[in-house]
K.L.:
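One structure follows; several queries about it will come next.
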Amino acid sequence: MVVYLVGAGPGDPELITLKAVKALERAEVVIYDRLANEEILEHAPNAKKIYVGKKAGEHYKTQAEINQILVDEAKKHEIVVRLKGGDPFVFGRGGEEVLALNEEGLNVEFIPGVTSAIGVPTTLGLPVTHRGVATSFTVVTGHEDPTKGEKQVKWDYTADTVIVLMGIGQIEENTREMMKYRDPKTPVCVIESGTTPQEKIITGTLDNISKKDITPPALLVIGKVVDVYKEMKSN
Ligand code: SAH
């Protein structure tokens, strides 16, 4: 018995690894969240498919319920795939699921995915590091768990490039905080539904990006690399 914790990539169904496709082909059960592209499930034509993601306006499963489904399915089947967008360990709560499976003595193997944090900008040709411009990047959530006591996200990051996931709902507060530590004219690129046909690119600066019309899923890339991207595009 094995549960493969698999990354589905950022959206484009071709941005999945060969190893993930092979695991899907062998799977008896696929447990998945909302995927940018359900075409990926076609690699598992014979598997039972269990959707555990959010549905608009409906109750969705808690993490504890999802963990329980995983444990139950793993006990009944030889090959289970737990499929998650991007990489399961980048804001994917993959670790919590692994711990729940471990507690029951169930075997888990890991197949990484192209995370949206990097793959969405780099698919455009937007570099996250660039010689002489950016030697480091930080990936941070823009929506920290509101039930947490003390905030861990303080927006005082020193990396040259900051990439914000889940950052649209609180874009105004977050950019205001960031401007305490960074030039308000720092360039920003927002990418909506990256690597999919719905992809939309919005550029601005820290002091005006929150006024733009943005629809999630989207991520923000903040830093001078955005100017490098603009320069590449203009040639
Ligand atoms: N595990 C995932 C991230 C899950 S958090 C990964 O590695 O990519 C979900 C957030 O990821 C969204 O709120 C958004 O900020 C970002 N995201 C995921 N897919 C995206 C896409 N195609 N385009 C832009 N942002 C995306």
Side-chain angles (χ1 to χ4, degrees), residues 4-17 19-20 30-40 51-56 60-61 63 66 70 81-98 108 110-126 128 137-146 148 152-153 155 157 161-175 178 188-204 209-210 212-223 225-226 229:
Y4 290 104
L5 183 64
V6 178
D12 178 345
E14 294 194 358
L15 288 176
I16 188 168
T17 66
K19 200 161 185 164
V30 179
I31 300 162
Y32 67 103
D33 296 319
R34 181 170 50 196
L35 295 171
N37 197 318
E38 295 210 353
E39 245 176 68
I40 286 172
Y51 177 74
V52 294
K54 296 184 193 182
K55 262 188 203 138
Y60 58 93
K61 301 211 170 358
Q63 190 61 47
I66 295 171
L70 276 168
V81 165
R82 172 66 173 120
L83 188 64
K84 287 171 169 283
D87 186 285
F89 286 130
V90 180
F91 300 122
R93 303 189 74 166
E96 293 164 62
E97 299 182 4
V98 176
V108 190
F110 312 105
I111 304 179
V114 175
T115 178
S116 63
I118 298 176
V120 162
T122 60
T123 293
L124 296 179
L126 197 175
V128 295
F137 59 87
T138 286
V139 179
V140 61
T141 174
H143 183 85
E144 202 176 6
D145 181 353
K148 256 197 231 166
Q152 270 174 280
V153 178
W155 299 109
Y157 302 103
T161 307
V162 177
I163 298 158
V164 186
L165 266 56
M166 299 173 278
I168 305 310
Q170 296 179 35
I171 191 168
E172 205 178 329
E173 300 90 306
N174 295 347
T175 48
M178 233 181 297
V188 181
C189 181
V190 174
I191 309 153
E192 259 182 47
S193 299
T195 81
T196 77
Q198 290 75 40
E199 180 174 270
K200 207 172 130 199
I201 299 152
I202 301 145
T203 55
I209 198 76
S210 70
K212 314 238 172 177
D213 180 23
I214 304 165
T215 316
L219 57 80
L220 286 80
V221 180
I222 299 158
V225 288
V226 174
Y229 163 67

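In each ligand, atom 1 is the first atom listed, and ligand 1 is the first ligand listed. Note that the structure is predicted; figures quoted are calculated from it, not measured.
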K.L.:
Considering residues, nucleotides and ligands other than Glu172, do more than 12 of their heavy atoms fall under 6.0 Å from its CD?
P.N.:
no

K.L.:
Going by heavy-atom distance to atom 7 (O) of ligand 1, choose the closest among Val120, Thr196, Thr115.
P.N.:
Thr115

K.L.:
For Gly85 and ligand 1, does the shortest N/O to N/O distance drop below 3.5 Å?
P.N.:
yes

K.L.:
Has Leu219 got any heavy atom lying under 4.0 angstrom from an atom of ligand 1?
P.N.:
yes

K.L.:
Look up atom SG in Cys189 and atom CD1 in Ile202, then write down how far apart they are to the nearest 0.5 Å.
P.N.:
8.5 Å

K.L.:
Is there a polar contact, in the sense of an N or O pair closer than 3.5 Å, between Phe91 and ligand 1?
P.N.:
no

K.L.:
Do Met178 and Tyr157 come within less than 4.5 Å of each other through their side chains, counting heavy atoms only?
P.N.:
no

K.L.:
Given that the side chain starts at C-beta and the backbone is N, CA, C, O, which of these parts of Pro88 lies under 4.0 Å from ligand 1, counting heavy atoms, or is it both or neither?
P.N.:
neither

K.L.:
Contact between ligand 1 and Gly11 is defined here as a heavy atom of the residue under 4.0 Å from a ligand atom; is it met?
P.N.:
no

K.L.:
If we count only N and O atoms by modelled type, under 3.5 Å, do the side chains of Gln63 and Glu97 hold a donor and an acceptor together?
P.N.:
yes

K.L.:
Could you tell me the residue and atom name of the protein heavy atom closest to atom 1 (N) of ligand 1, and the distance to it rounded to 0.1 Å?
P.N.:
Val90 O, 2.7 Å

K.L.:
Please state which option from Gly7, Pro216, Ser116, Ala8 has its nearest heavy atom closest to atom 26 (C) of ligand 1.
P.N.:
Ser116

K.L.:
Charged N to carboxylate O below 4.0 Å: is that the case for Lys61 and Asp33?
P.N.:
no

K.L.:
Among all protein non-hydrogen atoms, which one is nearest to atom 14 (C) of ligand 1, and what is the separation to 0.1 Å?
P.N.:
Ala218 O, 3.3 Å

K.L.:
Are any of the N/O atoms on Val114, whether in the backbone or the side chain, positioned under 3.5 angstrom from an N/O atom of ligand 1?
P.N.:
no

K.L.:
Go through ligand 1 atom by atom and flag the ones less than 4.0 Å from a non-hydrogen atom of Pro10.
P.N.:
19 (N), 21 (C), 22 (N)

K.L.:
Provide the number and element of each atom of ligand 1 under 4.0 Å from a heavy atom of Ile191.
P.N.:
24 (C)

K.L.:
Which heavy atom of the protein is the closest neighbour of atom 10 (C) of ligand 1, given with residue, atom name and distance?
P.N.:
Met166 CG, 3.8 Å

K.L.:
Indicate, with yes or no, if the rings of Phe110 and Tyr4 have centres closer together than 6.0 Å.
P.N.:
no

K.L.:
Would you mind listing which atoms of ligand 1 come within a distance below 4.0 Å of any non-hydrogen atom of Asp87?
P.N.:
1 (N), 6 (C), 7 (O)

K.L.:
Just to confirm my output: which protein heavy-atom neighbour is closest to atom 21 (C) of ligand 1, and how far is it?
P.N.:
Gly194 N, 3.5 Å

